[in-house]
Amino acid sequence: MAADLLEIKDLTLHYGGSQILNGISVSAAKGEVTCVMGTNGVGKTSLLKAISGTHPRSTGTYTLEGQDIGKTNAQMLAQMGVAYVPQGREIFPFLTVRENLETGFACLPKQHHKIPDEVFDLFPILKDFLSRRGGDLSGGQQQQLAIARALITQPKLLLLDEPTEGIQPNIIKQIGEVIKLLRTRGDMAIILVEQFFDFAFELGDKFIVLERGQVKLSETAGQIDRDLLHAAVSV
């Protein structure tokens with residue numbers, strides 16, 4: 001089994017006076033996809049926000065490559081190799097595809113300010129659309145752009161929040177193939193929040209099911225029964 005790149009223990013998170021996450025522990029290893037599943041409103045996105053630093057956690061320890069990162073903010077975490085593709089993609093609609101990709105340079109040293117060819121190998125359509133505005137792309141093309149922008153930051157940990165949401169089937173399949181390829185490379189841990197059960201089940205090496213802000217189930221792909229998992233994430 002691969003060593004854990006990320007280890008979080010006893011994480012809690014609040015929005016105002018409401019406690020959203022309660023004692024969450026989660027780990028992720030390079031070369032593996034950890035799927036976080038559950039019904040709407042159980043805290044999946046909040047967990048990714050805590051891991052990415054875009055929402056401060058209240059308590060809990062957070063270790064990345066054996067280093068305790070304390071209360072490090074999102075910018076610092078990005079520089080340390082944590083890339084977050086949020087639900088809704090959050091690309092810049094009035095910037096071109098090239099300019100959107102180049103925003104990934106912000107957390108890289110100047111000598112790495114170059115769009116790698118691999119981005120276009122993974123997402124060929126982006127090369128054809130470099131001068132097109134992000135807002136003029138389809139939802140599926142915007143999702144490809146958002147993932148590509150994250151990859152430009154050279155992440156060690158890639159966080160994907162509902163990458164199939166509102167996407168046409170052929171692009172869902174392509175995104176799945178990209179995730180498989182990134183996993184096979186073995187230099188990155190991937191945490192995938194996903195409602196599309198078949199997509200998640202095919203990709204997952206480890207499954208974590210949340211319920212009311214707590215871990216209801218945590219199993220590896222070899223241990224989990226498909227029907228049991230499906231029942232655990234169903235309304």
Is there side-chain contact between Phe196 and Ile167, with at least one heavy-atom pair below 4.5 Å?
no
Take Thr34 and Leu192 through the test side-chain contact (heavy atoms from CB on, under 4.5 Å) and record every step on the way to the result.
CA-CA 6 Å; Thr34 300; Leu192 170 68; over 6 Å; no
Side-chain donor-acceptor contact under 3.5 Å, Thr45 with Asp161
yes
Using atom types as modelled and distance alone, determine if a side-chain donor or acceptor of Tyr62 lies under 3.5 Å from a backbone N or O of Glu7.
no
How long is the straight-line distance from CG of Leu158 back to OG of Ser52, given to the nearest 0.5 Å?
11.5 Å
For a 4.5 angstrom cut-off between non-hydrogen side-chain atoms, does Leu95 reach Pro93?
no
Worked verdict on Arg98 versus Ile115 for side-chain contact (heavy atoms from CB on, under 4.5 Å)
CA-CA 9 Å; Arg98 180 186 295 279; Ile115 300 171; 4.2 Å; yes
Which heavy atom of Gly43 sits nearest a heavy atom of Ile20, and at what distance?
CA-CG2, 4.3 Å
Scanning both residues in full, the closest heavy-atom pair of Ala83 with Pro155 reads CB-CB, 3.6 Å
Could you go through the side-chain contact (heavy atoms from CB on, under 4.5 Å) check for Leu48 and Ser46 one step at a time?
CA-CA 5 Å; Leu48 291 194; Ser46 295; over 6 Å; no
Is there a donor-acceptor contact under 3.5 Å from the side chain of Gln223 to the main chain of Thr220?
yes
With no hydrogens and no angle check, do the side chains of Gln87 and Glu165 hold a donor and an acceptor under 3.5 Å apart?
yes
Pairs flagged by salt bridge (Lys or Arg N to Asp or Glu O under 4.0 Å) wherever residues 170-199 is involved - sequence neighbours left out
Glu118-Arg185, Glu177-Lys180, Lys180-Glu202, Arg183-Asp205, Arg185-Asp187, Asp198-Arg226
Heavy-atom pair with the smallest gap, counting every atom of Val119 and Ala148
CG1-CB, 3.7 Å
Is the backbone N or O of Gly134 less than 3.5 Å from a side-chain atom of Gln142, with the two atoms forming a donor-acceptor pair by type?
yes
Roughly how far apart are Ile190 CD1 and Lys206 NZ, rounded to 0.5 Å?
13.0 Å
Rounded to the nearest 0.5 Å, what's the gap from CG on Leu5 to CD on Glu65? Could you check?
5.0 Å
Has Asp117 got more than 12 heavy atoms of other residues, nucleotides or ligands less than 6.0 Å from its CG?
no
Tell me, do Ile91 and Arg149 make a side-chain contact under 4.5 Å, heavy atoms counted?
yes
Using 0.5 Å steps for rounding, measure from the NZ atom of Lys216 to the CG atom of Leu210.
10.5 Å
Validation row, ring centre His230 to ring centre Phe197 under 6.0 Å
yes
Does any part of the side chain of Phe199, heavy atoms only, come nearer than 4.5 Å to the side chain of Ile175, both counted from C-beta?
yes
Work out which heavy atom in Thr153 is nearest to a heavy atom in Gly104; give both atom names and the distance.
CG2-O, 3.5 Å
Does the Gln174 side chain pair with the main chain of Leu122, one donor and one acceptor, at a distance under 3.5 Å?
yes
Report yes if the side chains of Leu145 and Phe129 come closer than 4.5 Å at any heavy-atom pair, otherwise no.
no
Inter-residue atom distance Leu228.CG - Leu217.CG, 0.5 Å rounding:
6.0 Å
Does His55 reach the main-chain N or O of His14 with its side chain, forming a donor-acceptor pair under 3.5 Å?
yes
Transitive ILVMFWY cluster of Met76, excluding itself - 4.5 Å side-chain cut-off
none
Checking the side chain of Asp4 only, and the main-chain atoms of Leu6 only, is there a donor and an acceptor separated by less than 3.5 Å?
no
Measure from the side-chain N and O atoms of Lys44 to the backbone N and O of Thr39, and report whether any donor-acceptor pair falls under 3.5 Å.
yes
I'd like to know if the side chain of Glu99 and the backbone of Thr96 have a donor-acceptor N/O pair within less than 3.5 Å.
yes
With a 4.5 Å heavy-atom cut-off, do Ile125 and Gln141 have their side chains touching?
yes
Of all heavy-atom pairs linking Ala200 and Cys35, the shortest is O-SG, 3.5 Å
Less than 4.0 Å between a side-chain N and a carboxylate O, is that true for Glu32 and Lys30?
no
Rounded to the nearest 0.5 Å, how far does CZ of Phe92 lie from CG of Leu101?
12.0 Å
Quick one: do Leu77 and Ile69 satisfy side-chain contact (heavy atoms from CB on, under 4.5 Å)? Show the steps, please.
CA-CA 8 Å; Leu77 282 169; Ile69 63 98; 4.0 Å; yes
Shortest non-hydrogen separation from Leu157 to Leu159 and the atoms involved
CG-CD2, 3.9 Å
Could you tell me if the side chain of Ser27 sits less than 4.5 Å from the side chain of Lys9, heavy atoms only?
no
Taking the side chain as every heavy atom from C-beta outward, state whether Met37 and Gln195 have any pair of such atoms under 4.5 Å apart.
no
Judged by modelled atom types alone, do Thr59 and Thr12 share a side-chain donor-acceptor pair under 3.5 Å?
yes
